[in-house]
Number of protein chains: 2
Amino acid sequence: MVQNEDAEPRRRGRPRAYDPQAALQQAAERFWRSGYSSTSLDEISAATGMNRPSLYAAFGDKHALYLKALERYWQFSLVAVREALADGEQTLDAALMRVYDGQLAIYFSGDGPPRGCFAIGTATTEAVEDAEIRSALADGLRALDADFEARFRMARERGELRDDADPAALAVLASATLHTIAIRARAGVPRGELREIALKAVRVIRG
Amino acid sequence: MVQNEDAEPRRRGRPRAYDPQAALQQAAERFWRSGYSSTSLDEISAATGMNRPSLYAAFGDKHALYLKALERYWQFSLVAVREALADGEQTLDAALMRVYDGQLAIYFSGDGPPRGCFAIGTATTEAVEDAEIRSALADGLRALDADFEARFRMARERGELRDDADPAALAVLASATLHTIAIRARAGVPRGELREIALKAVRVIRG
DNA sequence: AGGGTTTTATTCGACATGGTACAAAATGAG
DNA sequence: CTCATTTTGTACCATGTCGAATAAAACCCT
């Protein structure tokens with residue numbers, strides 16, 4: 001943590017030429033597409049417009065930069081999930097489909113080929129040998145499960161589900177549906193098919 | 001395709017010092033753990049005992065080697081799935097759990113940390129920018145869906161499922177369950193928890 | 001035994017990569 | 001204006017990487 005992240009940016013020396021948050025976003029785009037290992041710092045340097053020393057000063061080495069990008073992605077992605085689930089008025093089906101539609105919009109965002117989920121698509125590979133990436137991945141997956149589970153619990157209390165429904169089990173299946181969509185997106189399955197998968201999954205999960 | 005893969009190995013020159021299939025297996029182990037980009041040919045050379053020129057002569061360049069390893073993995077993995085589903089006597093629940101237990105055995109095989117699914121864990125990352133890997137990944141995912149779907153269709157005809165059950169939809173959910181398990185294995189979730197996930201998923205899918 | 005053939009082993013080279021050293025540039029403070 | 005401070009830009013270095021070129025070794029066939 002640096003003091004005064006955005007408060008009083010009036011500092012002494014030469015002012016920064018680039019917005020760190022925008023640069024982090026662009027670095028994430030590169031990692032998102034090519035993964036951690038095959039994305040070079042030169043590519044990130046070109047994408048952000050920052051040269052390597054500036055990159056290093058701002059975010060640390062490549063590993064730290066990736067972790068920051070991953071953390072940022074999880075925040076963004078999970079906020080979208082929570083917002084989709086937040087509206088208490090909508091039915092369970094509608095809430096779930098809002099989640100899937102929102103994530104699909106993320107998976108198919110940007111130029112170039114569809115990239116699916118940044119975390120699932122790139123962190124999964126590194127997770128085996130990298131404890132920090134592994135724990136960042138695990139934390140995100142747990143958070144997704146928890147968000148779904150809370151919504152299923154609410155649905156059961158409201159009578160949208162049978163009394164003997166298991167919110168945790170349904171949450172894992174809802175997560176699994178998102179995971180399979182994330183993978184298939186990178187495998188080239190078109191967006192329409194993925195939405196169809198979400199629709200059918202919701203029908204089965206709802207019971 | 002090389003002529004005479006295993007028939008009549010009596011050839012003219014110096015005999016091979018290593019079994020190509022065993023070497024391919026060991027190469028796959030390395031890719032499986034570290035992914036495509038961050039596994040060097042030197043590592044594979046050390047693991048197989050073959051030096052790089054021999055490796056190159058036997059399998060082509062790194063990319064071709066990875067594709068061969070991936071193809072081999074899919075064959076192995078899908079054969080296990082089909083064998084688990086083949087026994088027509090067992091109930092749907094038992095058949096599904098045999099699939100999941102079989103795949104879990106693969107995901108947690110070998111020394112070192114759990115590696116999950118080789119295809120999902122490593123090909124997903126490369127799939128965006130590599131058309132060959134992408135299509136190998138897509139083919140495997142489709143084959144898994146098809147195997148599950150055939151079993152669900154049989155279950156419906158036998159009365160193990162309701163008449164209005166959608167075999168394709170259930171198959172995607174069964175695949176999704178396997179995919180989420182594959183991801184979570186790499187994220188460090190212990191095997192027992194993953195089996196619990198499979199159990200609960202089967203209960204929901206069966207209805 | 002000797003030639004032909006295939007594989008192995010050593011070595012090389014061109015290149016990419018991550019990280020850093022150092023000087024120039026751009027600002028605020030005094 | 002001058003100096004301290006911070007960032008930028010260029011250049012550099014050590015290392016790792018892939019692939020290939022070449023020579024040595026081990027076998028079959030005549």
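This one's a predicted model, so the numbers in the text were calculated from it and none came from an experiment. Labels below follow one simple rule: chain letters A, B, ... track the order of the sequence lines, proteins then strands, and each chain is numbered from 1.
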Do the side-chain N or O atoms of B:Arg12 get closer than 4.0 angstrom to the phosphate oxygens (OP1, OP2) of C:dG4? no
Can you confirm whether the side chains of B:Tyr66 and B:Thr122 place a donor and an acceptor under 3.5 Å from each other? yes
CZ of A:Arg52 versus P of D:dT10: gap in Å, rounded? 12 Å
Ring centroids only, cut at 6.0 angstrom: are B:Tyr100 and B:Tyr107 within range, meaning strictly under it? no
Here the distance between atom C1' of D:dC18 and atom CG of B:Asp42, to the nearest Å, is 9 Å
Quick one: label A:Thr39 by what it contacts on the DNA or RNA (base, sugar-phosphate, nothing), any heavy atom closer than 4.0 Å. sugar-phosphate
To the nearest angstrom, how far is A:Arg14 atom CZ from C:dA23 atom C1'? 12 Å
Could you give the OH-to-P distance, from A:Tyr36 to C:dT17, as a whole number of Å? 14 Å
Among D:dG9, C:dT7, D:dC18, the one nearest A:Tyr18 by side-chain distance: D:dG9
Position toward the 5' end of DNA chain D (nearest nucleotide), A:Met50 or B:Gly60: A:Met50
Can you tell me how far P of D:dT17 sits from CD of B:Glu43, to the nearest Å? 7 Å
Modelled atom types, side-chain donor and acceptor of B:Thr125 and A:Thr125, under 3.5 Å: yes
How far does OH of B:Tyr36 sit from CD1 of B:Ile133, to the nearest 0.5 angstrom? 6.0 Å
Nucleotide C:dG19, atom C1' - distance to CZ of A:Phe59 in whole Å: 17 Å
Could you state the atom-to-atom distance from CG of B:Leu41 to C1' of D:dA20 in whole Å? 13 Å
By the 4.0 Å heavy-atom rule, please label A:Ser45 as base, sugar-phosphate, or nothing. nothing
Tell me the interatomic distance from A:Leu55, atom CG, to C:dT17, atom P, rounded to whole angstroms. 14 Å
For C:dT7, does OP1 or OP2 lie under 4.0 Å from any side-chain N or O of B:Ser54? no
Using OP1 and OP2 only, check whether a side-chain N or O of B:Asn51 sits under 4.0 Å from C:dT8. no
Are A:Tyr56 and C:dT20 close enough that a side-chain N or O sits under 4.0 Å from OP1 or OP2? yes
Please figure out whether A:Pro53 or A:Ser37 has its closest DNA chain C nucleotide nearer the 5' end. A:Ser37
Side chain of A:Ala17 only, please: which of D:dG19, D:dA26, D:dT8 is the nearest? D:dT8
Using a distance-only test with no angle check, is there a side-chain donor-acceptor pair under 3.5 angstrom linking B:Arg184 and B:Thr180? yes
